[in-house]
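Convention: sequence-line order gives letters A, B, ...; per-chain numbering from 1.
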2 protein chains.
Amino acid sequence: MNRNSEKKENIRQIINSLSQILNALNSFSKELMKTFSITGPQLGALRKIAQVQQISLSELSQKMYLHISTVSGIADRLEAAGHIIRRRGTEDRRVVYLSVTDKGKEMIDRAPHSGFGKMVHGLEEIPVEKVQQIQDAIRLLVKMMEVKNNVQ
Amino acid sequence: MNRNSEKKENIRQIINSLSQILNALNSFSKELMKTFSITGPQLGALRKIAQVQQISLSELSQKMYLHISTVSGIADRLEAAGHIIRRRGTEDRRVVYLSVTDKGKEMIDRAPHSGFGKMVHGLEEIPVEKVQQIQDAIRLLVKMMEVKNNVQ
DNA sequence: TTCAAAATATTTGTATACCAAATATATAGC
DNA sequence: GCTATATATTTGGTATACAAATATTTTGAA
């Protein structure tokens, strides 16, 4: 195998490994739903609301990169489950503010933060220099994809 | 910042970077649907079918880790779009084999392989040693997540 | 000041993706 | 041959997602 095809094979395996991570995260999402009776999008919304105490529907839809009607539906289900409350704005009565209830906070604490749990544990076990190397590698990948930083 | 909190920060950033990659891939999936009138799951199924020329519905459902009724529905839509054909097995007439049409093959060629496009391009531009380093790093992450290799 | 335009949410309609249970058909085993 | 098993499809249910239509409130301009 020459130098060039070796590189191609390396690239193929990188994509392959990343695909595996994505698959694992999808499986996680299904497990989450079974175990905690909450979906991925719902938990994501709940966390975003909790971060800022209260947030309008339109702001949340921007943060989640989803249509406002989609987020309105997600809010319906979170409200029905008692995880959030809707409150009409007093100053501007067009606005609806969402905030997390105690039950919602409990859910945030109980539900695993994401499928990254095992990965985090693994990273904690290896030397910091190695962690640093991995960080540099992934950062480079992100740079290549030219993605904006919109994750908190 | 001491050694330990430095490591914690590194780990946080690794998770953050991976989340960014995931977000970018989600955005890609939406773009895909708009531009090529095909969804992520449909394109995924199409590729899996193309890999093996023909495949039964149950085999495909196993490969995709989805319920067979789900895959039956995806096959409905791929068939309606003319991307695949269903063919009853001759030996065992319970089995339905799926195969990709010329139109389906064209779709596979036209649609970007995934959101990884830019990443692949970026990887091709850097020296093989660097690619090797990245590969090692990601492999380690996969190992930590204990994911099975089920991606081709 | 009044009235049209803009902003914010919700509702309605459509499509996809999931799963599970029920059903139909075909094969296999006793 | 008849029952159990295997393979797909259909049906029913929920969630996600978007766009268009609607309702309400605010803003801004004549």
[N] [atom2] sits how many Å from [X] [atom1], rounded?
X        : N       : atom1 : atom2 : answer
His67(A) : dG13(C) : NE2   : C1'   : 13 Å
Arg87(A) : dT8(C)  : CZ    : P     : 17 Å
Arg77(A) : dT11(C) : CZ    : P     : 12 Å
Leu66(A) : dA19(D) : CG    : C1'   : 14 Å
Asp76(A) : dA9(C)  : CG    : C1'   : 10 Å
Lys34(A) : dA15(D) : NZ    : P     : 16 Å
Ile68(B) : dT9(D)  : CD1   : C1'   : 9 Å
Glu59(B) : dA8(D)  : CD    : P     : 8 Å

(request) Would you kindly compare Arg94(B) and Pro41(A) by the position of their nearest DNA chain D nucleotide and give the one closer to the 5′ end? (result)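 Counting from the 5' end, the first nearest nucleotide belongs to Arg94(B).
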(message) Here's a test of your reading of the structure: between Gln42(B) and Arg93(B), which maps to the more 5' nucleotide of DNA chain C?
(response)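 Taking each residue's closest nucleotide, the earlier one in sequence belongs to Gln42(B).
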Just call it for [X]: base, sugar-phosphate, or nothing, with non-hydrogen atoms closer than 4.0 Å on any strand.
X        : result
Thr39(A) : sugar-phosphate
Glu91(A) : sugar-phosphate
Ser58(B) : sugar-phosphate
Arg88(B) : nothing

Look at [X] and [N] and indicate whether a side-chain polar atom (N or O) is within less than 4.0 Å of OP1 or OP2.
X        : N       : result
Ser72(B) : dT9(D)  : yes
Thr70(A) : dC18(D) : yes
Ser69(A) : dT12(C) : no

(request) Choose from dC19(C), dT27(C), dT16(D) the nucleotide whose nearest atom is closest to any side-chain atom of Asp92(B). (result)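 Nearest to the side chain of Asp92(B) among the choices is dT27(C).
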(message) Within the structure provided, determine whether Ile55(A) and Lys63(A) are in side-chain contact (heavy-atom separation under 4.5 Å).
(response)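 Yes, side chains in contact.
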(message) Less than 4.5 Å apart, side chain to side chain, heavy atoms only: is that true for Leu98(A) and Gln54(A)?
(response)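 Counting from C-beta outward, Leu98(A) and Gln54(A) never come under 4.5 Å.
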Could you tell me which non-hydrogen atom of [X] sits nearest to which non-hydrogen atom of [Y], and how far apart they are?
X         : Y        : value
Gln135(A) : Asn10(B) : OE1-OD1, 2.6 Å
Gly104(B) : Leu46(B) : O-CD2, 3.7 Å
Leu57(B)  : Ala75(B) : CD1-CB, 4.2 Å

